[in-house]
There are 4 protein chains.
Amino acid sequence: MDPDERRAAILAAARRVFVRKGYHRAGVADIVQEVGVARGTFYRYFEGKREVFAAVLGGVMDEVVGVVRPIDVTRPIPEQIRANLDRLVRAVTDEDVVRVLFAEAQGIDDEGDAALRDFYGAALGRIEAALRTGQALGVVRAGDTRLLARCLLGLIKEPVVQAALFGESLDAAGLVDEITAVLAGGIVKI
Amino acid sequence: MDPDERRAAILAAARRVFVRKGYHRAGVADIVQEVGVARGTFYRYFEGKREVFAAVLGGVMDEVVGVVRPIDVTRPIPEQIRANLDRLVRAVTDEDVVRVLFAEAQGIDDEGDAALRDFYGAALGRIEAALRTGQALGVVRAGDTRLLARCLLGLIKEPVVQAALFGESLDAAGLVDEITAVLAGGIVKI
Amino acid sequence: MDPDERRAAILAAARRVFVRKGYHRAGVADIVQEVGVARGTFYRYFEGKREVFAAVLGGVMDEVVGVVRPIDVTRPIPEQIRANLDRLVRAVTDEDVVRVLFAEAQGIDDEGDAALRDFYGAALGRIEAALRTGQALGVVRAGDTRLLARCLLGLIKEPVVQAALFGESLDAAGLVDEITAVLAGGIVKI
Amino acid sequence: MDPDERRAAILAAARRVFVRKGYHRAGVADIVQEVGVARGTFYRYFEGKREVFAAVLGGVMDEVVGVVRPIDVTRPIPEQIRANLDRLVRAVTDEDVVRVLFAEAQGIDDEGDAALRDFYGAALGRIEAALRTGQALGVVRAGDTRLLARCLLGLIKEPVVQAALFGESLDAAGLVDEITAVLAGGIVKI
DNA sequence: CATGAATGAGCTTTCATTCAT
DNA sequence: TATGAATGAAAGCTCATTCAT
């Protein structure tokens, strides 16, 4: 088997195992059994359990980060916002994202937290850039874009996390509608 | 030392340790060293590491759950909403809450997840009740209150979690203002 | 409560606990709970778990040793032998004897083994003396009385131990008959 | 080292340790030190302390059970009885048998007791079968063969156990002679 | 390059015993 | 004298990692 293929196979197996059992309950034994290689082989492709988790995390991050696209001002803006939101919700609704990225990643070690910071930095950076563009175009109200970006992330992430916690399946379209409504007009009349 | 005091001292020490090191990296050894008692003493007061974490978690939960108060319709509503929001943000901005409740609690074991579900169930139940009352009074727009409650939770929680992740101190008043603005008028014009 | 009474109460409780749970599974906690005194009190009356077991063992031994009586040559011998045998079988059929003396005593520590040696030394000494007397009187056949005494002990002890191991109740009279028959005429024609 | 060899080496070391210290005083640490492997290695070959003791016990049992052979009625019977007895006495005179099987096995846990019951069930079954055959052939007197089998076991086992308890070496031939004499003609004239 | 047996530090937990009250 | 909270050594066991084959 080609080294790259083998590495990919181990990585995929590790992802399945981490999703299934969570970082701490998963063992290297589970991963090597899942992929069908010897323990030693695993250590030829990854430095250890933490490193393979970081790689899994990176893959999941890429999948999520990629869906948020910059606003193209030469094209109609509202539908781009809507499309971005739609893709983001669908991306983070994925079970792997919820388990690996939202539920298990924090607190494993300092490197893991750094990776998480990188991810959220990148994701929030894109969101923030979109908000700034919107402000410049007059479609986003004034305000602290950093905070707004985090609020927006929470608006999307939390319903997904809670649904996972309670074992409910999530209606992505309904969630997009609800978030859109909140974005458009808030919740309360104060 | 009075047994209740001692139990409280161990609990407080455990909380400090869990906040500092996280559940998995913390050991009973750390806790007993922190409080300055023998290993055996710890086991006189708690059944084990999981149980003491559950107790810490319960304490943190109580601190948070208690601040969300039902809306009193006989009194001006907007300021009650604002006050609830203000208390909630301040409560969850506490480092212990962020570390123990938001970052470490999930995925430890089934009992821990059940405790977390109970907590979020209670907290979201209160938020949802407030939203329903608001809808009945015409101050909250129509919509799926369950989803809205979770969105609202995310709106509050995520900026706090992110600030903690990036080691930033958080301006609670600023966050309350921003959230209030989102609640009142959303973010974008779509 | 009178000190002697209290000591006796603790001893009796310890015996019940050792019979019920066996030496290793029994804890000092079980004993003090059984008798209803504090842990510290226990240690005022006995040096520790081993010592109280030794005391229990001694009591059980006394009950067994006492039943074997020297043969009185001025009275009919066969019925004295039969009476001794009868009493011995009935004595060792007692559950406490089986559990404490036959099943749990050996291997706890060197002192325990010494106590056991003392007991068996005394018991076998009496049996051997009886055999020697019998030889002198011509009612016991010639042979190594030490070995014979041990064989005789095994003849009695083993059926009792096996019955306990298999959870059967034992018909003492039937056992006495069988042993008597073996003593009188052996088992096989060789 | 070959896995089977290693397993055998650990088993043999465990046997030596159990014989030397007894089940409860022996620790996994003693065993791994005795054989010169790491703690973890031990757990690759055995599930734990109880399981390795069970394996030791099984080995000892096999050594003993195997020596009692059914009587072949087409060949002279008395010498077969004598030969069986001789082998049995020599087998159980082994120090390991006395320590592991007779002194330490009972009361460790329910599984251990079950194993012991199996062993004694098998051993006594063979003895009883031999006795029944003897009765049919008219060389064994009438009587409850179950009780007789247990008496016979005691006749053999007890002198061995006592000799071990008192640290005496045992003259197997002398014991066989004495037991043979008891079997043939009993002890007393009643 | 692949293997998997071996490693050993580290974990949680137990319980006989002590001693200040 | 009675108490029972405190003690801490020691136990069995796990698992990420290494390395000789």
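Just so we're on the same page: letters track the sequence lines, and every chain starts at 1.
Here the side chains of C:Leu101 and C:Val92 are not in contact, with every heavy-atom distance at 4.5 Å or above. Inter-residue side-chain proximity for C:Val64 and C:Phe119 is flagged as met; some heavy-atom pair is nearer than 4.5 Å. The shortest distance between side-chain heavy atoms of C:Val100 and C:Phe53 falls below 4.5 Å.
Under 4.0 angstrom from either OP1 or OP2 of F:dA5 there lies no side-chain N or O belonging to B:Arg6.
The distance between atom CG of D:Asp4 and atom C1' of E:dA5, rounded to the nearest whole Å, is 13 Å. The distance from atom CD1 of B:Ile31 to atom C1' of E:dT13 is 13 Å, rounded to the nearest whole Å. The interatomic distance linking B:Arg25 (CZ) with E:dG10 (P) rounds to 16 Å, in whole Å. In this structure, D:Asp2 places its CG atom 14 Å from C1' of E:dG4, rounding to the nearest Å. Spacing between atom CZ of D:Phe46 and atom P of F:dG12 amounts to 15 Å, rounded to whole angstrom units.
The backbone N or O of C:Leu165 lies less than 3.5 Å from a partner atom in the side chain of D:Arg117, making a donor-acceptor pair.
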B/S/- along nucleotides 16-21 of chain F (protein heavy atoms under 4.0 Å) is BBBB--
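Considering only residues two or more places apart in sequence or on other chains, D:Glu95 meets the salt bridge (Lys or Arg N to Asp or Glu O under 4.0 Å) condition with none of them. Partners of C:Phe46 by side chain to side chain contact (heavy atoms under 4.5 Å, CB included), not counting sequence neighbours, listed by chain and number: C:Arg7, C:Ile10, C:Leu11, C:Phe42, C:Glu51, C:Val52, C:Ala55. When the salt bridge (Lys or Arg N to Asp or Glu O under 4.0 Å) test is applied to D:Arg6, no partner is found at least two apart in sequence or on another chain. By the salt bridge (Lys or Arg N to Asp or Glu O under 4.0 Å) test, D:Arg25 is found to be paired with no residue, residues two or more places apart in sequence or in another chain being considered.
Applying the 6.0 Å contact sphere to CZ of B:Arg20 captures more than 12 heavy atoms from other residues, nucleotides or ligands.
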Which nucleotides of DNA chain E pair, in dot-bracket form (Watson-Crick or G-U under 3.5 Å, | meaning another strand): .||||||||||||||||||||
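The residue A:Val32 sits apart from the nucleic acid: no heavy atom pair falls under 4.0 Å. Within 4.0 Å of A:Tyr45, counting heavy atoms only, lie sugar-phosphate atoms of the nucleic acid but no base atom.
The side chain of D:Ala38 has E:dG8 as its nearest neighbour among E:dG8, F:dT7, E:dA6.
Comparing B:Arg44 and D:Tyr23 by the nucleotide of DNA chain F whose heavy atom lies nearest to each, the residue mapping closer to the 5' end is B:Arg44.
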